[in-house]
Every structure is written in C-alpha cells, then in structure tokens.
Amino acid sequence: MTEALVTAVSAVLRDLYGWEASPELQPTRKEFEGDATLVVFPFLKLSRKSPVETANEIGAALLKATPLFTRFNAVQGFLNLVLASDQFESLFDALRSSADWGCWPVDAELPAAMVEFSSPNTNKPLHLGHVRNILLGHSLSRILEASGRKVVKVQIINDRGVHICKSMWAWQHFGDGMTPESAGQKGDHWVGTFYVRFDQEYRAQVRELMDAGHPEDYAKNHAPCMLEVQEMLRKWEDRDPEVRALWSTMNEWVYAGFNTTYKRLGIVFDRNYYESETYLLGKQDIEAGIQSGVFYRRDDGSVWIDLREDGLDEKLVLRSDGTSVYMTQDIGTAIQRFKDFSINRLTYVVGNEQDYHFRVLFLILKKLGYPWADELYHLSYGMVDLPNGRMKSREGTVVDADDLLDEMEASARSLSEELGKTEGLSEPEKAKLYQVLGHGALKYYILKVDPRKRMVFNPEESIDFNGHTGPFIQYSHARVRSILRKSEGLPSSWSWADVRLDERSKDLIQTIYRFPEVVEQAARTYSPAVVAQFAYDVAKAFNAFYQVNSILNAESEALIAFRVDLSRATASSLRRALDLLGIEAPERM
RNA sequence: GGCCUCGUAGCAUAAUUGAAUAAUGCAUCGCACUUCUAAUGCGACGAGUGCAGGUUUGAAUCCUGCCGGGGCUACCA
C-alpha cells in the first residue's frame, strides 16, 4: 500500500475518533471486492458502534475526504476499499520509472554488513547441509545489498586440528604418494577418503586392543594411529616444517575442490579467515576481561564467565593449561573483524545446533563493552532431513554437494530434451541452460523454506519443474522475454487515456509494486524465503494475466505498447528477484 | 533432570507477526492449445492447525499443562 493511502486513512481516523496510531491496511482477500482493507475492530471502543456501522462510517468519511477511493463495502469488521483506477496507474508509473525497482541504492556512507557463511572443515567435501548454509548466506548477502548496504562476505575455514591430521596420517600410510591429479579426483573428495580411511584404521586398532583384553576407554585412547595423530598435532603447533608442508599441501587440495564447487554455485567470498591464523586470537581479550571483572580465574587456572544471572550457565573461556576453546577464538575473531573492516554489523549463518554458543558469545561481547555487540546476529537455520530421517555419515546417507548438482543438471537435461525445448541450441548453450535450470530448481527448493525451520529434502520433489518451483519462475521469465523479443520494432508509445486496466493487470501491477517492501522485509527478517515467495507471486500473476490478455495482438496499438511495458516490468522484477536468490533467469527454455 | 525448538490436508510448505470461510504446490479427478513457449491456465477433492484449558471483540500465532519429534546440556561447538 502506498503512503498516500495510509496518510489519507489516518487523517480520517484522527478526525473521526482522535486515533493517533498508524492504521494497518492489508490487501483485500480475493473473495471480496476491494483492493485495500481496514480492520475496524480497534476503533469500536471509540466509535461506540457496531463493527459494520463503524466500517460504513469510516468508509463514507474516506470517500468524502479523498479521491483515492471510488467505492467501499463493509463486511463484518472489515472495510474493503476500492481504489480509483488512477491509483493503479500511478503505481505502475512509479515502478517503471525506476531502473531497478526493488533494489534500494547503496548507502556509501554506511559501514558494511559482514556475513559469515559456509565455513567448512577441511577434512571432507561439502554436503547438503553446507548447501543450505551457502545458499542462505549468499542470498542474504544479495538481499542486504539490495536493501542498500555494502556487504562483506567471509568464511572461516577450519583448517587445523585433529581432523586434518587424521587425513594426513592416513594419506602418509595409504596414499602411495598420490595426488588428486594422479588419482583423478576432486581435491576435497580425495582428502575426504583419507579421513574415512583413518576412521576405519582407528576402529580396527581399537578392536584389536579390546580383543587383547584392554577396556574400551583404554583402547580408544591408546590406539597407535590416534597417538601418532596427536603427536602430529603437537608437531604442527611447534611448526614442524615437514608436518606443516604436508598440512598445507593437503589443505590446498581441499581448497581447490571447494573452489570448484563454489564457482559452480556462483559463490564468491571477499575474505577467507583461516583458523590456523585465528586460533590464538582472543586470549588477550580474555586477560583484559579478567582485569575488568567480566571473567574470573578458578584455582586450577581455568577462566570462566558466570552467566547465571542471564539465565545461562557458567561457561569456560580458557582451559586450565591456558589453551583456547572455540569460544575464546570466536571472541577474538569477532573483535578482529571489526578491526579488519569498516563494518557495523556481523551475521553468522550457522546451524541451530549452535544456538547456545552464539547466545553466550554475543552476551560475552556485550559484557566486554563492544558497542557493536547489539548488531551481531546468528541466522540460525534448521537441519536438512531426508524423507527417511537425518543424514548419517556412518550410514552413508550424506548427500554430497557435487553429486547433487550433477543430478540436478542431468534431470534438467532429460526433462528439457523430453519436452523438445532445446532445439537450435548449441551443446555449450544447452549445458549452460541445464545448469541454470537444475541449480534453479535446487536453490529455490531450499530457499523457499523459512531458514529457521527444519526442512525435508526430498530428491524427487527438488527436481520438480512444475508448481511452486524455481523452473516455474524461470519459465515464466523466459516466456515474457520471448514476447519482448518479438515486440521489438512495434510502436511503443501509449498514454493512460488509451488504456483501461482489467483486474489481472491491476493484480500484476500491485504484486510487482510490493518489491521494495519485500526486499526490506527480507533484509529485516534475514529471510530469503520472503523474496522466493514474491518471485512466485509475480510469476503467477503474470501467467494469469497472460492467459486472458493477448499482448502482441491486443485491440489497439496503445494497449499493445502498454502491455509490452507491463511485461518488461515483469521480466525485470523476476530477474532481479531470482538474482537475490542466486538463481539465473534464462532468456529461453 | 535443566534449557531451547518444532508439531498446519496423504506429502511438502504459507499465513503481512493477533483478524474475514487457514493459503500454495505435489499427488488424485475433470476442463482449456488452428492463439504471443501447455515446463501454462481454470475447476474439483482434501485440514479447522498434536491434545486439554486460558487470555482476547478476535488465536495456527500469546499463556499454562500434557503428548510426540529434534537440538543443546564436555576444559569441542
């Protein structure tokens, strides 16, 4: 709803009842006549009349006060207002006057917003869970940019610790000196096989020790391979050149693999943080915090914070031997980031199993007195389940990201060829199209769900191209573009004097008009799902319009020109909305 | 045990953060292509929102209890 409507309605409410708050106008449900609806229940105590009488009273006053409305009807406590046709005309004038309707100009003065996402470990390839994380992080970044912020995208790579030492140990023993190239494997997958190989070896050794009569605890702590891995970790920390060399070689393999997947998904980071460089951060901040009384040291030397007054527990921030825990490092890294960049906001895209961690982290930073602590946000997304339950690596049900993308592209190919839609395209064009469609299906399937909710990933539904899906929206876009291509050279001038709006056109205009509010809401609620819903609404509204209105064969030249303009606005809104989701909009499909 | 979270048609998701007869898609059944891409549109069928109370003019949304799923509860997060 436009400003004008809201101000007109509030003026009348002030006159009538002395009501000062801003009224809530909502779109009228389709089953009633009207475009905007005012809920009148809140005014009953002031009007001291029945809901219908009150609605009629307000409606009559509005008609008298403003030309914005032509009619109204009162149904129970709902006042349905019919907008004057010229209101839709000005909506359309507004939305097509802007070259990028829906995107707010970037405020260069404002510090950037940082978004951390993906943040993988370097011991195994990316899987479906990372995919949700990555898609959310990327889309959120785009949405924040569209809402007028500069954005800094970062990931923190967990490149050190026992996990990578396990892979290193296994490669030393079973790798035969082979590299991803010589093995013909993607680097992250290659390293991942050694992580798995280590686990097999470890379990065998534990079993052996137990068979020799040792208790389970002992066996787990004394398996030779595990002792060697721990020794390797110690050497890593002592910067042993040999260990460090192998470590960086294997991590490089992994990064090459990750980068291939990121590139495929269209993901770019502005800055990578590596734990090997940040894991010592935070200790000084803890010391400082002890001085200021935020933390306290126990007799054994460990350092804690007492959050019981805040409804949480006591939390360790430094071990008794002086080494860090994750919290220590996260405190230091957050502080570091505000030094590294001119930012005033930091969002972590991390699964909801870490809700507690982030509550504590943010609270600690607040207590340490950082003014930006209020601008930290944990976009806590739900786990991705498969139709038969949770992904379990031990049961081999983990969905690999690369495999998934392959399957999506293959499905797009077979479906498109079955429909015979790709005649005349070169093979590279086809490959590109199938990638765009397959990824579009996957991305939309994941992003249309509220990030906070746990979701079920059904492989069969995810490759669906009909209904509430990415390809449906892409298809709608392609159809509009096809019409626009054919409209080239036709007369393009028209005026409102020659055009009267039908209901479908009004719906379409009203839908597209919401774009800026949608972006604002998506940014405010950190929810790409809001944009996903909008894109679907636009596609549906256009298809409904298209079904009953001929565009290129409309009755008059003016009407053709108008409808072409409306189609153009539709296409660009669709393209931009999809772009905010990280989805490409093909010209034809 | 404590804390956090979720429970909406057969399935998957919505519901502008408290408003109208709970929306959309899939599935099922039916209708519409000599017309700008039918990967489309239109219609039918299908839930009263886990259960029981409460607050409110009004509750899927808020409160209480119970049932059920998930997460966290380590000097790992």
Exercise for the section: Let me have a per-nucleotide readout for nucleotides 56-61 of chain B, 5' to 3', with B, S or -, counting only protein heavy atoms under 4.0 Å. Expected result: -B----
Practice task
Classify the side chain of A:D321 and the base of B:rC75 as holding, or not holding, a donor-acceptor pair under 3.5 Å.
Solution key: no
Handout entry: Sugar-phosphate only, base, or nothing, as touched by A:Y546 at under 4.0 Å among non-hydrogen atoms
Key = base
Problem - CA sep, side-chain torsions, deciding dist, call: A:D450, A:R452, salt bridge (Lys or Arg N to Asp or Glu O under 4.0 Å) - result: CA-CA 6 Å; A:D450 182 338; A:R452 280 151 269 269; 3.6 Å; yes
Handout entry: Results of salt bridge (Lys or Arg N to Asp or Glu O under 4.0 Å) for A:R568 - residues two or more places apart only
Key = A:D565
Enumerate all atom pairs, one protein N or O and one N or O from nucleotides 10-16 of chain B, separated by less than 3.5 Å.
residue	atom	partner	partner atom	Å
B:rU13	OP1	A:V456	N	2.8
B:rA14	OP1	A:D450	N	2.5
B:rA14	OP2	A:K453	NZ	3.4
B:rU16	O4	A:Q26	OE1	3.2

Exercise for the section: Measure the acute angle between the ring planes of A:F43 and A:W19, then classify it against the limits of 30° and 60° as parallel, tilted or perpendicular. Expected result: perpendicular
Exercise for the section: Respond yes when some side-chain nitrogen or oxygen of A:Y475 is under 4.0 Å from OP1 or OP2 of B:rA39, and no when none is. Expected result: yes
Handout entry: Results of ring pair (Phe, Tyr, Trp, His ring centres under 6.0 Å) for A:F562 - residues two or more places apart only
Key = A:F92, A:W494, A:W496
Completion exercise
For RNA chain B, consecutive-pair runs of 3 or more (Watson-Crick or G-U wobble, both H-bond-type distances under 3.5 Å) give B:1-7 with B:67-73, B:10-13 with B:23-26, B:28-32 with B:40-44, B:50-54 with B:62-66
Problem - Anti/syn call for B:rU17, syn if |chi| within 90° - result: syn
Could you list, one pair per line, each protein nitrogen or oxygen that sits under 3.5 Å from a nitrogen or oxygen of nucleotides 27-30 of chain B, together with the distance?
none

Handout entry: Lys/Arg N to Asp/Glu carboxylate O, A:R575 vs A:E584, below 4.0 Å
Key = no
Practice task
Would you classify B:rG68 as syn or anti? Syn applies when the glycosidic angle is within 90° of 0.
Solution key: anti
